[in-house]
Amino acid sequence: MGWLPISFGFPAILFGLLALPVIWWLLRLTPPKPQTETFPPLRILARVMRKEETPHQSPWWLTLLRLLMAALVIFALADPVFNAREATPASGGATAIVIDNGWASAPDWEVRVATAERLIDDANDAGQPVVLAFTAEQTNTEIGPFDAATARERLAAAEPRPVPVDRLAMFTRVAQALEAVPDATVAMLSDGLATDGDEAAFQALLAGSTGQLVWIEPNELAMIGVRESDNLADAFTFSAVRSTTDALPRQATAAAFDDRGRRIAETTLSFGAGETEAQGQFRVPFELRNDFVSIVVDGQNQAASVYLLDENSRRRRVGLISQAEADAAQPLLSPLYYIRRALEPFSDLVEPSSTDLNEAIPEILEQRPAMIVMADVGTLPDTARERLVEWMNEGGTLVRFAGSRLAAAGNDEELLPVRLRTGERALGGALSWTEPQPVTEFPPTGPFADLAPPTEVTVSRQVLAEPTADIVERTWANLADGTPLITGAPRGEGTLVLFHVTPEATWSSLPISGSFVEILRRIVQLSRNQGRIDASGEGAAGSLAPYRMISADGQLVPPGPEARPLEPGQRPAVTIENPPGFYGTEEGVVAHNLLTPDATFSPIERPETGLPVTTAAYAFDEAVDLKGPLIAAALALMLLDTLAVFWMGGIFARRSGLRPGPAQTASLVVAALAGGLVFLPANADAQDAQPDDEAAIAAISQTRIAYVVTGNGSVDAVSRAGLQGLTRYLVEKTALEPADPAGVDIETDELAFYPLIYWPVDETAAMPSEAALARVDAYMREGGTVLFDTRDQYSNGFGANAASPSTRRLRDILANMNVPPLEPVPQDHVLTKTFFIMPDFPGRFAGGPLWVEASFDAANPDNRPVRTGDGVSPIMITANDFAGAWAIDSSGAPMFPTVPADPMQRVYAYRAGVNIMMYMLTGNYKSDQVHVPILLERLGQ
């Protein structure tokens, strides 16, 4: 019976169903006792018919009730289970469950726990102890063997960790725990990602006394991780990676957050078909990029999707060196004055305590700056020069400014981007025939290409570069005569920049211009930090205490008890002791991220082994034991049977004192003659109370608009809010003052009290019964109107080719009703002029027609000035979602936007509702206005 979703623990008991015909025969032979009451008008009948008659068999419905009760008991005793799962094969003396609980398991940890619980239950059923191990835990964690209860407790206490798994260490411990257990079952619940050393780990696990392997891995690897970032000159870039098995094109949204958790920028990651890497860019101002604290991929809920940023991603440390002594009396003449003013807003400036280059350069380099600025520094000592060149080749940015010392120092190819001519060039003055030169457009290949040229800057003196083959590509800024103003060239992994003028305003006006700040800012952005900055600002020395950690689901949380200070190193590994997160204090932190810059997400490979392998999947246990519900249902039927017997015996009638009225006497006499249930009231002239009279009077005392209750809470709420909005609009714009709208159940409620019933067609609602549709059909025949709204204008409109679920449901409803021929509302229809002039009838959606009963002149539109019939269309159909446009909240504000978002569309929707209500209440009186002049003439008025 594997093809059935229900299995039975004791299927032999189902043969008891063969006894149901016998039970039916016995029940038919034992009818219930008939009800008797004293009914004075029937005493005459009692004298005429002396023979006592009783039913010869039990009513069919009572027999069916008891047969169903017996069948439920038989099914319950057979121990049925719905969606029963197959037990995991368990062999040997124990079951070892090894679970990957690293960061990749966080998004679906609950289903992994549910899968492990099933394995524990199967081991318990087989009487086996359980070895329970987690590959992201410390190697000294106890792994068992445990009994089933203890294993469940430890499983419930486990949680995913924001670190990579260490399968080799944990598999070795599991193999040691199973050495004394022959042919044990090993269940591997992997996270689907491969790690270094997997082959050795599986050899250690499966080479011992393992009897069989249960292999469980995810169906897909949907994780996305951020592995590196770079704050470039014009954008903040980062690299994201996904699984190599995820080959389809995919897009994801990444966001940048500040230190207060605010989302301050976002971008889209786009993975092409077959691509495992994607680049993201935040093109926002530099000041905003300085506030980035973390990059997060939306919807991932795992630690690899969070990338933390520290000070190394933002501000740069800049060293300043000058051979000139500081002059406090004349600060404007200091070579470093304007440089300090330009760099202070976005850089950390450090200066040596001495002007001696042998001491100044090593002192600056010890502080690991990202950039060094040298103002008119000439020849460098050999020792300091070698260290400076080494620092620059490792990624440092050296910026030099010209001056008299540099002009006389000669060419140094390693510390100059271009060869210089001896001396300096003077522009303007009494002895020169040239004029000071302005700055022209920045070259498009340089880093300043997007900056506006400083047209107000003029240069009167400069050091000239020798014209070489590569002078053009090394020129970052030119004067109007074509001579270089700023040149630059790469040096190893670093950059070398030369300003051909002095840093003070003696050779040019560049240092006192606003462009000077922007140029230096751009160069700082090009620089790279040379070392981590710890909380105390002392470089990489000392350890950093854990401050805020990344949890397995990608949240920043306080550090746990296992977190240890981060020791200085090239890049410490991510472990339980050093999980990813921030290390330091509130004054400064260092980011320790999960993924390395070369991280990839490769799928794990199932080990090649000669052992029996059972493949399973992660899933929740959906098996439902039906024994309890079936017993409860049988008890409920037993209670119903007891109540039915009491009712047929007249106990409830005698206690309530109900008596039939005169209108019921004839039917009671017939019932008495037929030997059925006989009601014998003591007072045959008394009238029955009518409990529904008050409700009926309340329903007709004021005009109400009704809506069909579909059973879908959201649809019914919109219907009620929409009709409330229309009611308010009718009160404001017309003399009509309707009461609150009413929800009606077409199966039971009286429909005749309402002139208009709004029916939102919901494909998810149950199909109305034939009796209910017959009641609606009778309501429309007697003068009522039903407004069907499929609300699917932008899915498929009403018509021959409509195929939306709502339209199909409407067709099923109308197929069982007498629907007249329909047509879209003609231009001359009464609906178009009942109150407002309406060319069309939009709702929340626009464009769909309003269908009404076709007029008799529908075939001759040219000769149809008005409707010829006096009646009102019993049916209207639209797809424009009237209730959605009318719906208002408690404050009176619209609940939903119109599509398209046109404020007047909502006004027209309300006007359409007014016209429909006036049409329902007044008929086609507007059409009669055409004949008013003729009628008045005949009356002599």
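- Contact of the F582 side chain with the L308 side chain is registered, since non-hydrogen atoms from C-beta on lie closer than 4.5 Å.
- With salt bridges taken as basic N to acidic carboxylate O contacts below 4.0 Å, one links R161 and E562.
- In this pair, W103 and F601 present their aromatic rings tilted. The plane angle is within the 30 to 60° band.
- No side-chain heavy atom of R606 sits under 4.5 Å from any side-chain heavy atom of E217.
- Smallest separation of non-hydrogen atoms from T245 and S243: OG1-OG, 2.8 Å.
- The two atoms that bring P760 and T710 nearest to each other are O-CG2, 3.5 Å, heavy atoms only.
- Using a distance-only test at 3.5 Å, with no hydrogens or angles considered, no donor-acceptor pair links the side chain of Q300 to the main chain of Q302.
- In this structure F236 satisfies the ring pair (Phe, Tyr, Trp, His ring centres under 6.0 Å) test together with F292, sequence neighbours excluded.
- Rounding to the nearest 0.5 Å gives a distance of 10.5 Å between CG of L189 and OG of S105.
- Remark: D100 engages R167 in a salt bridge, criterion side-chain N to carboxylate O under 4.0 Å.
- For the atom pair CD (Q555) and CZ (R548), the distance works out to 13.5 Å, reported to the nearest 0.5 Å.
- Although no hydrogens or angles enter the test, the distance criterion places a donor-acceptor pair under 3.5 Å between the side chain of R250 and the main chain of A222.
- A donor-acceptor contact shorter than 3.5 Å is absent between the side chain of T95 and the backbone of A123.
- Counting all heavy atoms, side chain and backbone alike, T135 lies closest to N101 at N-OD1, 3.5 Å.
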Check your understanding: Does the salt bridge (charged side-chain N to carboxylate O under 4.0 Å, His left out) test come out yes or no for D122 and R118, once each step is laid out?
Key -> CA-CA 6 Å; D122 293 337; R118 293 202 305 273; over 6 Å; no
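- The two atoms that bring N301 and A106 nearest to each other are O-CB, 3.9 Å, heavy atoms only.
- Side-chain N/O atoms of T150 and D147 include a donor and acceptor closer than 3.5 Å.
- L155 has its side chain within reach of I99: a pair of non-hydrogen atoms, C-beta onward, lies under 4.5 Å apart.
- With hydrogens and angles disregarded, no donor-acceptor distance shorter than 3.5 Å links the side chain of D762 to the backbone of N712.
- Across every non-hydrogen atom of A175 and A204, the tightest pair is CB-O, 3.1 Å.
- Side-chain contact between L213 and M188 is present, with heavy atoms from C-beta onward closer than 4.5 Å.
- Checked against I143 for a side-chain contact (heavy atoms from CB on, under 4.5 Å), the options L132, V174, I97, V130 give a single hit: V174.
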Check your understanding: side chain to side chain contact (heavy atoms under 4.5 Å, CB included) between S769 and E747: does it pass, once the steps are laid out?
Key -> CA-CA 7 Å; S769 65; E747 299 284 347; 2.6 Å; yes
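- Contact check on E277 versus R227 returns a salt bridge, with a Lys/Arg side-chain nitrogen under 4.0 Å from an Asp/Glu carboxylate oxygen.
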**Study point:** L309 and I295: CA distance, side-chain angles, deciding distance, side chain to side chain contact (heavy atoms under 4.5 Å, CB included) verdict
**Key:** CA-CA 8 Å; L309 305 170; I295 307 297; 4.1 Å; yes
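- In this structure, D598 places its CG atom where more than 12 heavy-atom neighbours from other residues, nucleotides or ligands lie under 6.0 Å away.
- Separating the CG atom in L68 from the CG atom in L72 is a distance of 4.5 Å, to the nearest 0.5 Å.
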Exercise for review: Assess whether side chain to side chain contact (heavy atoms under 4.5 Å, CB included) is satisfied between I216 and V214, documenting all intermediate values.
Suggested key: CA-CA 7 Å; I216 304 176; V214 178; 4.2 Å; yes
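- With a 4.5 Å cut-off on side-chain heavy atoms, M638 and M69 count as touching.
- A salt bridge is absent between R112 and D191: the closest approach of a Lys/Arg side-chain nitrogen to an acidic carboxylate oxygen does not fall below 4.0 angstrom.
- Counting only heavy atoms from C-beta outward, the side chains of L205 and V186 approach each other to under 4.5 Å.
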Exercise for review: List the steps, then state whether ring-ring contact (aromatic ring centres under 6.0 Å, His included) holds for W215 with Y618.
Suggested key: CA-CA 10 Å; W215 182 260; Y618 287 113; over 10 Å; no
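- A donor-acceptor contact shorter than 3.5 Å links the side chain of R809 to the backbone of A765.
- N578 contributes a side-chain N or O that, together with a main-chain N or O of R564, makes up a donor-acceptor pair within less than 3.5 Å.
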Check your understanding: Would L221 and L193 satisfy side chain to side chain contact (heavy atoms under 4.5 Å, CB included), going step by step from the backbone distance to the final call?
Key -> CA-CA 8 Å; L221 300 177; L193 291 180; 3.9 Å; yes
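- For T172 (side chain) and L168 (main-chain N/O), a donor-acceptor pair under 3.5 Å exists by modelled atom type.
- Between E228 atom CD and T237 atom OG1 the span is 8.0 Å, to the nearest 0.5 Å.
- The side-chain heavy atoms of I120 and Q128, taken from C-beta on, include no pair separated by under 4.5 Å.
- Closest non-hydrogen pair, L178 versus A96, comes out as CD1-CB, 3.8 Å.
- The CD atom of Q251 lies 10.5 Å from the CD1 atom of I224; values are rounded to the nearest 0.5 Å.
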Practice item. Please test E266 against T253 for side chain to side chain donor-acceptor pair (under 3.5 Å), starting from the C-alpha separation and ending with a verdict. Key: CA-CA 7 Å; E266 68 177 33; T253 301; 5.9 Å; no
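- A 4.5 Å side-chain heavy-atom check between P580 and P162 finds at least one atom pair inside the cut-off.
- Scored by the ring pair (Phe, Tyr, Trp, His ring centres under 6.0 Å) test, W109 finds no partners at all (sequence neighbours excluded).
- Q203 contributes no side-chain N or O that, together with a main-chain N or O of A200, makes up a donor-acceptor pair within less than 3.5 Å.
- In summary, R173 and D166 do not engage in a salt bridge, as defined by a charged side-chain N under 4.0 Å from a carboxylate O.
- Here Q279 contributes atom CD and F238 contributes atom CZ; the two are 8.5 Å apart, rounded to the nearest 0.5 Å.
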